[in-house]
There are 2 protein chains.
Amino acid sequence: MKIGQVATKSGLPAKTIRYYESIGLIDPAGRTSAGYRAYEEKDIQTLRFIQRARSLGFSISEVSALLTLWNDRNRASAQVKELARRHVEEMDRKITELQSMKDTLSELIDKCQGDHRPDCPILNDFARLNNKAKK
Amino acid sequence: MKIGQVATKSGLPAKTIRYYESIGLIDPAGRTSAGYRAYEEKDIQTLRFIQRARSLGFSISEVSALLTLWNDRNRASAQVKELARRHVEEMDRKITELQSMKDTLSELIDKCQGDHRPDCPILNDFARLNNKAKK
DNA sequence: TATGGAGTTTACAGTAACTGGAAGGTCAAG
DNA sequence: CTTGACCTTCCAGTTACTGTAAACTCCATA
């Protein structure tokens, strides 16, 4: 199977598959006599695994660890769970941070008339000297 | 005032201030006879403005637009409000996406025993062929 | 058989927003 | 005069790709 088909089946762009190979996330594919990359079914499995993990926000290096665990018949599920739990915590931090930024900005927006006049509480706030903490 | 002091007062690393100058976000600073960058109070204002906007998640190019608006005595606050509203929408999208990823992963984690045995619903899910939609 | 188009190859550059590090100049204190 | 703290520039690295170019390879049709 050539890279285009694998791309379709795995949900990853051909370009991305080559990239993953280049950084060593996946093993180099075999080659046809013409130099085209040749894949098998199990490669699609691996690529889909990666696609799924990436879509859940795992970084490349986390995916790499996950792949190792996946290929380890003797792994303890506790290891995987721990990795996943840490990832969820990280996501929680990001969500909280985004939410807090959003709340702050939303408040500012509510205070702004948003008309033809130049007076704007949003810009005023940005320019204020001490806005580390909200009173 | 030299860059170190400005860094402290603005809340931005000196390195970052130089970077902002290099990409044209801020005007090149004046120089002392020794070649050191020399700043005035109003520069700190600007830098703090940038710091604040960046801390609220605006991209550099959005900050650039905001700066232009800030310096425009004839701006309409509606423009600023619109820019801010779009940014909030973007944040909302990100929050929703993160939350959804987190929910999916959390479910998987709940199903995993997390003990010494290798069986792991998390990895099983990653390896499954069709997990685009959850049934 | 020639040609065209789709798919493939590599290599290099660009993206966002910095951050780290090296090599060297400047300045005030001791 | 020598530290040590700051300052300068320049280049590389980070994350995870994506875009582009030039050059094959393959298959089908004219």
Enquirer: Measure CE/Met1(A) against P/dT8(C) and give the value in whole Å, please.
Expert: 12 Å
Enquirer: If each of Pro13(A) and Tyr36(A) is mapped to the nucleotide of DNA chain D with the nearest heavy atom, which maps nearer the 5' terminus, i.e. the 5' end?
Expert: Pro13(A)
Enquirer: Rounded to whole Å, how long is the line connecting atom OH of Tyr19(A) with atom C1' of dT10(C)?
Expert: 17 Å
Enquirer: Send over the distance from Ile50(B) CD1 to dA17(C) C1', rounded to a whole Å.
Expert: 13 Å
Enquirer: What is the nucleic acid contact for Ile3(B), judged by heavy atoms within less than 4.0 Å: base, sugar-phosphate only, or nothing?
Expert: sugar-phosphate
Enquirer: Nearest 0.5 angstrom please: Glu21(B) CD to Asp43(B) CG, how far?
Expert: 10.0 Å
Enquirer: Using atom CD of Glu21(A) as one end and atom C1' of dA11(C) as the other, report the distance to the nearest whole Å.
Expert: 15 Å
Enquirer: Picking from dT19(C), dT9(D), dC26(D), which would you name as closest to the side chain of Arg18(B)?
Expert: dT9(D)
Enquirer: Would you tell me if any nitrogen or oxygen in the side chain of Arg37(B) comes within less than 4.0 Å of OP1 or OP2 on dC6(D)?
Expert: no
Enquirer: So, the side chain of Asp125(A) versus the backbone of Pro121(A): is there a donor-acceptor pair under 3.5 Å, distance only?
Expert: no
Enquirer: Classify the side chain of Lys15(A) and the base of dT20(D) as holding, or not holding, a donor-acceptor pair under 3.5 Å.
Expert: yes
Enquirer: At under 4.0 Å, does any side-chain N or O of Ser59(A) touch on OP1 or OP2 of dT15(D)?
Expert: no
Enquirer: Any Lys/Arg nitrogen of Lys94(A) or Glu97(A) sitting under 4.0 Å from an Asp/Glu carboxylate oxygen of the other?
Expert: no
Enquirer: Roughly, in whole Å, what's the span from CG in Leu12(B) to C1' in dA17(C)?
Expert: 12 Å
Enquirer: Do Tyr20(A) and Arg54(A) have side chains that approach each other closer than 4.5 Å (heavy atoms only, starting at C-beta)?
Expert: yes
Enquirer: Taking only the side-chain heavy atoms of Arg31(A) (C-beta and beyond), determine which of dT19(C), dT9(C), dT9(D) contains the nearest atom.
Expert: dT9(C)
Enquirer: Salt bridge check, Arg117(B) against Asp119(B): does any charged N sit closer than 4.0 Å to a carboxylate O?
Expert: no
Enquirer: What integer distance in Å separates Gln5(A):CD from dA6(C):C1'?
Expert: 14 Å
Enquirer: Assign each of Phe58(B) and Ser33(B) to its nearest nucleotide of DNA chain C by heavy atoms, then name whichever residue's nucleotide is nearer the 5' end.
Expert: Phe58(B)
Enquirer: When we call it a touch if two heavy atoms are under 4.0 Å apart, what does Thr32(A) touch: a base, just sugar-phosphate, or nothing?
Expert: nothing
Enquirer: Grab the CD1-C1' distance between Ile17(A) and dT9(C) for me, whole Å please.
Expert: 15 Å
Enquirer: When you match Arg54(B) and Lys2(B) each to their closest nucleotide on DNA chain C, which lands nearer the 5' end?
Expert: Arg54(B)
Enquirer: Which whole-number value in Å describes the distance from Ile23(A) CD1 to dG13(D) C1'?
Expert: 15 Å
